[in-house]
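Everything on this sheet refers to the single structure shown next.
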Amino acid sequence: MMSDALMRFVDEWRLGHIASLGPEGPNVSPKGTFQALDPERIAFAEIRSPQTLANIERDPRVEINMVDVFARKGARFRGEARAHAPGSETFEALAPRWAEIFGAALAARFRGFVVIALSEVKPLTTPAYDIGATERALRADYLARFTAMQEAFFTDG
């Protein structure tokens, strides 16, 4: 379902927004610990996601969007999610990999892993590509915008 290149993107980008269904409707939450397990599954470490976990327990259908904001492209993943608590076989199998990637301090906060069995994967791109924009040009433009935002809004002093 996922190519090797897409699996590398998931592993390196790590940030995705997961949509789950709550009692009032859809909820979207960013997660910064995504990794590809294999071509059919992705997962994230659960650190502080009580609403997402409650929604998944109620209805395991989820969608994740991962977008490289500089290239303005990425992927949409759909599937069924399942939470795995500490002590479970899945938790114990995944914990060392995530600890190696994210460090011991963050790993100490893991309260579980959510594994998504994928049923659909689709590419996401901006319409700018449809009218001839290149990835190089989009990256340059968005990097300049990001740098300007950093300078204007996110300085420490």
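- To the nearest 0.5 Å, atom OH of residue Y129 and atom CZ of residue R72 are 8.5 Å apart.
- Under the 4.0 Å criterion applied to side-chain N and carboxylate O atoms, D11 and R8 are not assigned as salt-bridge partners.
- Here the closest non-hydrogen pair linking G22 and R58 is CA-NH1, 3.6 Å.
- Aromatic rings of W98 and F44 (six-membered ring for Trp) have centroids beyond the 6.0 Å cut-off, not under it.
- For the pair G16 and M66, the tightest heavy-atom approach, listed with the atom from each and the gap, is CA-CG, 3.7 Å.
- A salt bridge links K122 and E120; the closest N-O separation between the charged side-chain nitrogens and carboxylate oxygens is under 4.0 Å.
- Criterion: ILVMFWY side-chain heavy atoms under 4.5 Å apart, direct or through other members. Under it, V114 and F77 are part of a common hydrophobic cluster.
- The distance from the CZ atom of R109 to the CZ atom of F102 is 13.5 Å, given to the nearest 0.5 Å.
- A salt bridge links R139 and E135; the closest N-O separation between the charged side-chain nitrogens and carboxylate oxygens is under 4.0 Å.
- Electrostatic pairing of R61 and E80 does not count as a salt bridge here, judged by no charged N lying under 4.0 Å from a carboxylate O.
- At least one donor-acceptor pair under 3.5 Å links the side chain of R111 to the backbone N or O of I47.
- K31 and S49 share a donor-acceptor pair across their side chains, judged by distance under 3.5 Å alone.
- One distance of note links CD1 of I64 with CZ of R76; it measures 11.5 Å at 0.5 Å rounding.
- Residues V28 and N65 have side chains not in contact (no heavy-atom distance under 4.5 Å, counting atoms from C-beta outward).
- If you take CZ on F91 and CD on E46, they are separated by 10.0 Å, rounding to the nearest 0.5 Å.
- For the pair I18/T52, a side-chain contact is recorded, criterion being any heavy-atom separation below 4.5 Å from C-beta on.
- Residues I42 and L53 share a single hydrophobic cluster, defined by chaining ILVMFWY side chains whose heavy atoms lie under 4.5 Å apart.
- In this structure, CG in L37 is found 9.0 Å from OG1 in T90, a value given to the nearest 0.5 Å.
- Atom CZ of F110 and atom NE2 of H84 lie 15.0 Å apart (nearest 0.5 Å).
- R82 CZ: 12 or fewer foreign heavy atoms inside a 6.0 Å radius.
- Nearest heavy atom pair, residue L138 against residue A71, reads CD1-O, 3.8 Å.
- Side chain of E40 to main chain of L118: no donor-acceptor pair is present (N/O by atom type, distance under 3.5 Å, no hydrogens or angles).
- In terms of modelled atom types and a separation under 3.5 Å, the side chain of S119 and the main chain of R78 share a donor-acceptor contact.
- No chain of hydrophobic side-chain contacts below 4.5 Å, direct or via other Ile, Leu, Val, Met, Phe, Trp or Tyr residues, connects L124 to L6.
- The aromatic rings of F70 and W13 sit perpendicular, their planes meeting at an angle over 60°, well past the 30° parallel limit.
- Note: the hydrophobic cluster containing V62 also contains V10 (ILVMFWY, side chain heavy atoms under 4.5 Å, direct or indirect links).
- Around the CG atom of D38, the shell of radius 6.0 Å holds more than 12 heavy atoms that belong to other residues, nucleotides or ligands.
- A continuous path of ILVMFWY side-chain contacts below 4.5 Å connects L15 to V121, so both sit in one hydrophobic cluster.
- In terms of heavy atoms, I56 sits closest to A81 at CG2-O, 3.5 Å.
- No side-chain N or O of E57 forms a donor-acceptor pair with one of N55 less than 3.5 Å apart.
- Taking a cutoff of 4.0 Å between a charged side-chain nitrogen and a carboxylate oxygen, R145 and D141 qualify as a salt bridge.
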